Amino acid sequence: LNLITSDLAMRSSEALSPPLTILLAAPRGFCAGVVRAIDAVENALDAYGAPIYVRRAIVHNHSVVRALEAKGAHFIEELDEAPEGSTVVLSAHGVSRTVVSEGRRMGLSMIDAVCPLVAKVHREVQRYSAEGRDVVLIGHAGHPEILGTLGQIPQGAASLVSSVADIDALPIAADQPLAYAVQTTFSVEEAEALVAALGARFSDLVGPSSSDICYATTNRQRAVRTIAPRSDAMIVVGDDMSSNANRLVEVARAMECPAQLVSGPEAIDWDRLDGVEVLGLTSAASTPERNVEAVLSAFHSRFRVELEEVGAGDERAAFRPVLV
Ligand code: SF4
């Protein structure tokens, strides 16, 4: 009888809950580069035992970092924090040549988990610089990927831009041989506008034959653009430090869809969802699906949720594992 009563109570409270349609973006969450980098740390732990040192966040998500810490990974900011002769995994964002040579000098055993699509951009800027072209890198200052890419070529050989104003201010002659490259997680639309501005100002400009913005960034931004016009608000599950996550928020907001970036259910600002009937939900390339499930469960406890998956569906990309 107790069970029946509580079941009836639950059903009646569900019936009282307001309805909410959630448009779940597909694809969302982990990309192939993130899976590969996390596997590299786990495989290194299996092969060599704990502790394994990891320079900086292996991917930009705190819950991923905490899960790896629980398995014996030890996160450090700089290589000199690792004991002599230890094994250090370098993050998916890539590092400068100086970091690699410093590790070699210190006798560290390094496992480079750089995403192959970031490594592609490294090779491009090296080639442009070797050809005698000044490099203009489109990206966000201070991001580890940018530091790593700039660190592939001599200091001063590249200029970083993130806006048309930055391009206007470049102290470079209009006929100087120039090449551009783009941060893999930059906004697709903004990058197009910046490349057009470079083309308008410089007469001898070359760029990559295929986009530097990776498939995962492109697909997740496209899914947000599909969902945003139908949504009263958008939740992006991801970390503040994730470039990929922040771009998804910007893409939604640019389409006048109010968006919140939340790391989990505890970070949701429910007041901002007052009156929302259709909610878009997505996650960054570094966000585990369990974090999306936790957010969904929080919505289920407050609303009568109808779930609809929208977008191009799952991705099939996979990279060869990192050798450990
Ligand atoms: S977001 Fe793109 S560049 Fe970054 S790890 Fe994933 S696939 Fe690689």
Side-chain angles (χ1 to χ4, degrees), residues 6-30 34 57 59-67 140 142-143 185-190 216-217 219-311:
S6 77
D7 187 42
L8 283 174
M10 221 164 75
R11 282 193 208 177
S12 71
S13 88
E14 268 176 19
L16 289 175
S17 306
L20 177 71
T21 300
I22 296 185
L23 306 178
L24 192 56
R28 63 183 176 279
F30 277 2
V34 162
V59 301
H60 278 163
N61 187 279
H62 284 106
S63 66
V64 169
V65 168
R66 281 195 299 271
H140 295 284
H143 189 276
T185 52
F186 209 78
S187 151
V188 174
E189 284 185 350
E190 281 181 38
T217 298
N219 292 347
R220 280 151 192 70
Q221 289 181 11
R222 187 181 296 134
V224 166
R225 275 198 292 274
T226 306
I227 285 173
R230 290 180 57 196
S231 306
D232 302 317
M234 180 87 61
I235 295 272
V236 177
V237 189
D239 271 27
D240 281 353
M241 62 176 169
S242 160
S243 165
N244 193 278
N246 281 295
R247 298 300 80 76
L248 295 178
V249 170
E250 286 170 8
V251 168
R253 287 181 184 159
M255 299 186 77
E256 296 182 0
C257 179
Q260 292 185 43
L261 177 59
V262 303
S263 53
E266 62 292 339
I268 298 170
D269 183 345
W270 295 102
D271 290 344
R272 287 173 57 196
L273 298 176
D274 256 5
V276 166
E277 291 173 5
V278 181
L279 178 83
L281 178 61
T282 188
S283 60
S286 49
T287 304
E289 187 63 8
R290 62 177 179 273
N291 297 17
V292 177
E293 284 162 9
V295 166
L296 268 176
S297 153
F299 277 99
H300 275 288
S301 66
R302 287 171 176 253
F303 297 92
R304 219 159 0 106
V305 172
E306 192 170 312
L307 204 55
E308 188 186 331
E309 198 161 55
V310 182

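From a predicted model like this one, the values you see are computed outputs, not experimental measurements. Counting from 1, the numbers follow the sequence of the chain as shown. Atoms considered below: every heavy atom in the structure, side chains included; atoms not considered: hydrogens, waters and symmetry mates.
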### Message
If we count only N and O atoms by modelled type, under 3.5 Å, do the side chains of Ser283 and Asn291 hold a donor and an acceptor together?
### Response
no
### Heavy-atom pair with the smallest gap, counting every atom of Arg253 and Ala259
NH2-O, 2.8 Å
### Query
Going from CZ on Arg66 to CG on Asn61, what distance comes out if it is rounded to the nearest 0.5 angstrom?
8.0 Å
### Task
Have a look at Arg28 and tell me which of Val237, Thr282, Val224 forms a side-chain contact (heavy atoms from CB on, under 4.5 Å) with it.
Thr282
### Task
Of all the heavy-atom pairs spanning Arg247 and Ser187, show the shortest one and how long it is.
CD-N, 3.7 Å
### Query
Among side-chain atoms of Arg222 and Thr226, is any donor-acceptor pair under 3.5 angstrom?
no
### Query
Between Gly238 and Thr287, which heavy-atom pair has the shortest distance, and what is it?
CA-OG1, 3.4 Å
#### Entry: Charged N-O contact under 4.0 Å between Glu293 and Arg290
no
### Task
Could you tell me the separation between the CG atom of Asp274 and the CG atom of Asp269, rounded to the nearest 0.5 Å?
9.5 Å
### Message
Take a 6.0 Å sphere around CD of Glu289 and say whether it holds more than 12 heavy atoms from other residues, nucleotides or ligands.
### Response
yes
### Query
Cut-off 3.5 Å, side chains only: do Asp239 and His60 have a donor facing an acceptor?
no
### Message
Using the rule given for side chain to side chain contact (heavy atoms under 4.5 Å, CB included), can you reason through Met255 versus Met234, listing the C-alpha separation, both sets of side-chain angles and the distance that settles it, and then say yes or no?
### Response
CA-CA 11 Å; Met255 299 186 77; Met234 180 87 61; over 6 Å; no
### Query
Are the side chain of Ser242 and the backbone N or O of Ala245 linked by a donor-acceptor pair below 3.5 Å?
yes
### Query
What pairs of residues pass the ring pair (Phe, Tyr, Trp, His ring centres under 6.0 Å) test when at least one of them lies in residues 220-257, not counting sequence neighbours?
none
#### Entry: Within 6.0 Å of CD in Glu306, more than 12 heavy atoms from elsewhere
no
### Query
What distance separates Phe299 CZ from Leu20 CG, expressed to the nearest 0.5 Å?
6.5 Å
### Task
State, to 0.1 Å, how close Arg220 and Phe30 come at their nearest heavy-atom pair, and which atoms those are.
NH2-O, 3.3 Å
## Note on the structure
In short, ring pair (Phe, Tyr, Trp, His ring centres under 6.0 Å) pairs touching residues 244-263 with sequence neighbours left out are none
### Task
Without swapping roles, check the side chain of Arg225 against the backbone of Val251 for a donor-acceptor pair under 3.5 Å.
no
### Message
side chain to side chain contact (heavy atoms under 4.5 Å, CB included) for Gln221 and Leu248? Distances and angles first, verdict last.
### Response
CA-CA 6 Å; Gln221 289 181 11; Leu248 295 178; 3.9 Å; yes
### Message
Quick check for you: to the nearest 0.5 Å, what is the distance between Thr217 atom OG1 and Asn244 atom CG?
### Response
4.5 Å
### Message
Using 30° and 60° as the class boundaries, would you call the ring planes of Phe186 and His140 parallel, tilted or perpendicular?
### Response
parallel
### Task
Quick one: pull up CG in Leu23 and CZ in Arg230 and give me the separation to the nearest 0.5 Å.
4.5 Å
### Query
What distance do Leu24 atom CG and Ile235 atom CD1 have between them, rounded to the nearest 0.5 Å?
12.5 Å
### Shortest non-hydrogen contact between Ser231 and Cys257, atoms and distance
O-SG, 3.8 Å
### Minimum-distance pair of heavy atoms, taken over all atoms of Ser286 and Val64
O-CG2, 3.9 Å
### Message
Looking at Ser17, is its backbone amide N or carbonyl O close enough to the side chain of Arg304 to form a donor-acceptor pair, meaning the two atoms are under 3.5 Å apart?
### Response
yes
### Query
Got a sec: does the CD of Glu266 have more than 12 other heavy atoms crowding it under 6.0 Å?
yes
